[in-house]
A.B. asks: 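Quick one: this structure, given as structure tokens, is what I'll be asking you about.
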Number of protein chains: 2
Amino acid sequence: MNIEFYQGNSDLSVNQKLVMDLLESQKRPLSAYMILDELRDVGIRAPLQVYRALEKLISMGKVHRVESISAFIACSHMSCEKLGVTAFVICDRCENIEEVSDQSISSFITDLAIKTKMKAAKSNIELHGLCNTCQTS
Amino acid sequence: MNIEFYQGNSDLSVNQKLVMDLLESQKRPLSAYMILDELRDVGIRAPLQVYRALEKLISMGKVHRVESISAFIACSHMSCEKLGVTAFVICDRCENIEEVSDQSISSFITDLAIKTKMKAAKSNIELHGLCNTCQTS
DNA sequence: GTCAGTAATGTTATACTATAACAGATTTGT
DNA sequence: ACAAATCTGTTATAGTATAACATTACTGAC
């Protein structure tokens with residue numbers, strides 16, 4: 001872990017911390033309404049409380065939205081706050097999801113932005129299919 | 001009603017052709033309900049009629065779903081039915097959208113699949129930002 | 001300290017996106 | 001022609017997200 005860049009969860013509001021802790025405790029993506037249901041006991045009552053927390057966490061790079069399944073997952077890399085470019089690899093059978101963040105992905109997006117003359121703000125790369133385990137069973 | 005008249009040379013059903021023609025006439029992505037509203041006059045009445053047509057058109061590679069904006073756009077390349085790998089570059093200001101489909105994109109996805117030991121079924125790559133025009137105005 | 005201004009949070013209501021379940025119509029193989 | 005399978009239409013409902021406003025909490029000047 002890169003201490004210099006890592007931020008703990010102490011600067012988060014109560015709701016943000018509740019959502020963040022839940023997403024970190026699960027390794028899988030959760031929908032906003034799954035989060036809502038899980039957090040009803042601890043004071044979250046309305047969708048907007050969840051969506052506002054998610055919005056902030058996403059802007060901080062701590063949470064990603066997986067667009068193709070409308071779900072949210074804790075960033076598995078401490079460095080995402082800096083890099084901001086990741087890819088998700090999703091098994092459609094076992095629903096396991098892997099977050100990939102390396103140089104080849106960053107430079108692919110950089111190249112695409114240059115090629116299309118874009119000032120890149122946000123990217124998402126999602127690959128669906130069968131994972132290694134599910135291909136052979 | 002004489003169905004054959006509407007089908008012409010195409011292998012599409014009436015509803016599929018209506019949706020396809022609309023998406024081709026617009027160059028921008030449309031939401032399912034925008035499509036529904038546009039096609040009410042010609043007999044489309046329910047969301048499912050639109051969604052079923054879209055599902056088929058997507059499976060044929062003629063239409064893409066742009067995940068991050070929950071919208072649908074006609075494929076701008078005849079080759080997508082074969083390649084199946086494209087990227088969307090979306091300007092968040094003018095909402096112009098460009099579909100990119102070249103060898104570098106295909107091989108990026110291929111490499112990602114190999115690296116993660118996935119049997120790839122579907123991918124989506126979406127880059128948001130400001131287009132060349134909007135950066136300078 | 002207090003009080004106005006600002007920001008954050010809570011709440012209700014509603015808009016937008018998508019599919020389940022069943023009914024009716026059409027096509028197809030025999 | 002007729003049953004089985006498929007396609008299409010319709011109603012109802014599930015799932016995702018935000019607008020609008022009320023309330024509370026924080027901040028800084030005085």
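Convention: sequence-line order gives letters A, B, ...; per-chain numbering from 1.
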A.B. asks: Can you check the A:Tyr51 OH to D:dA19 P distance for me, whole Å?
C.D. replies: 13 Å
A.B. asks: Using atom CG of A:Asp37 as one end and atom P of D:dT16 as the other, report the distance to the nearest whole Å.
C.D. replies: 11 Å
A.B. asks: In this structure, how many angstroms lie between the C1' atom of D:dT8 and the CD atom of B:Glu55, rounded?
C.D. replies: 13 Å
A.B. asks: Taking only residues at least two apart or on different chains, which pairs with a member in residues 95-117 of chain B satisfy ring pair (Phe, Tyr, Trp, His ring centres under 6.0 Å)?
C.D. replies: A:Phe108-B:Phe108
A.B. asks: Round to the nearest Å and state the distance from B:Leu18 atom CG to D:dT8 atom P.
C.D. replies: 12 Å
A.B. asks: Within this structure, what is the CE-to-P distance between B:Met34 and C:dC16, rounded to whole angstrom?
C.D. replies: 11 Å
A.B. asks: Can you list everything that forms a salt bridge (Lys or Arg N to Asp or Glu O under 4.0 Å) with A:Glu67? Sequence neighbours excluded, please.
C.D. replies: A:Arg65, A:Lys122
A.B. asks: Going by the ring pair (Phe, Tyr, Trp, His ring centres under 6.0 Å) test, which pairs reach into residues 32-60 of chain B, not counting sequence neighbours?
C.D. replies: none
A.B. asks: It should be established whether B:Ser31 places a side-chain nitrogen or oxygen under 4.0 Å from OP1 or OP2 of nucleotide C:dT17.
C.D. replies: yes
A.B. asks: Which side-chain N or O atoms in residues 130-137 of chain B pair as donor and acceptor under 3.5 Å with protein atoms at least two apart or in another chain?
C.D. replies:
unit_1, atom_1, unit_2, atom_2, d
B:Gln135, NE2, A:Lys117, O, 2.9
B:Gln135, NE2, B:Leu130, O, 3.1
B:Gln135, NE2, B:Cys131, O, 3.4
B:Thr136, OG1, B:Thr133, O, 3.2
B:Ser137, OG, B:Arg93, NH1, 3.4
B:Ser137, OG, B:Thr133, O, 3.2

A.B. asks: Do B:Ser68 and B:His128 pair up side chain to side chain, a donor and an acceptor below 3.5 Å, judged on atom types alone?
C.D. replies: yes
A.B. asks: Distances for protein N/O vs nucleotides 9-14 of chain C N/O pairs under 3.5 angstrom?
C.D. replies:
unit_1, atom_1, unit_2, atom_2, d
C:dT9, OP1, A:Ser13, OG, 3.2
C:dG10, OP2, A:Asn15, ND2, 2.4
C:dG10, OP2, A:Gln49, NE2, 2.8
C:dG10, N7, A:Arg52, NH2, 2.3
C:dG10, O6, A:Arg52, NH1, 3.3
C:dG10, O6, A:Arg52, NH2, 3.2

A.B. asks: What side-chain donor-acceptor pairs closer than 3.5 Å can you find for residues 34-50 of chain B, not counting sequence neighbours?
C.D. replies:
unit_1, atom_1, unit_2, atom_2, d
B:Arg40, NH1, B:Arg45, O, 3.4
B:Gln49, OE1, B:Arg45, N, 2.9
B:Gln49, OE1, B:Ala46, N, 2.9

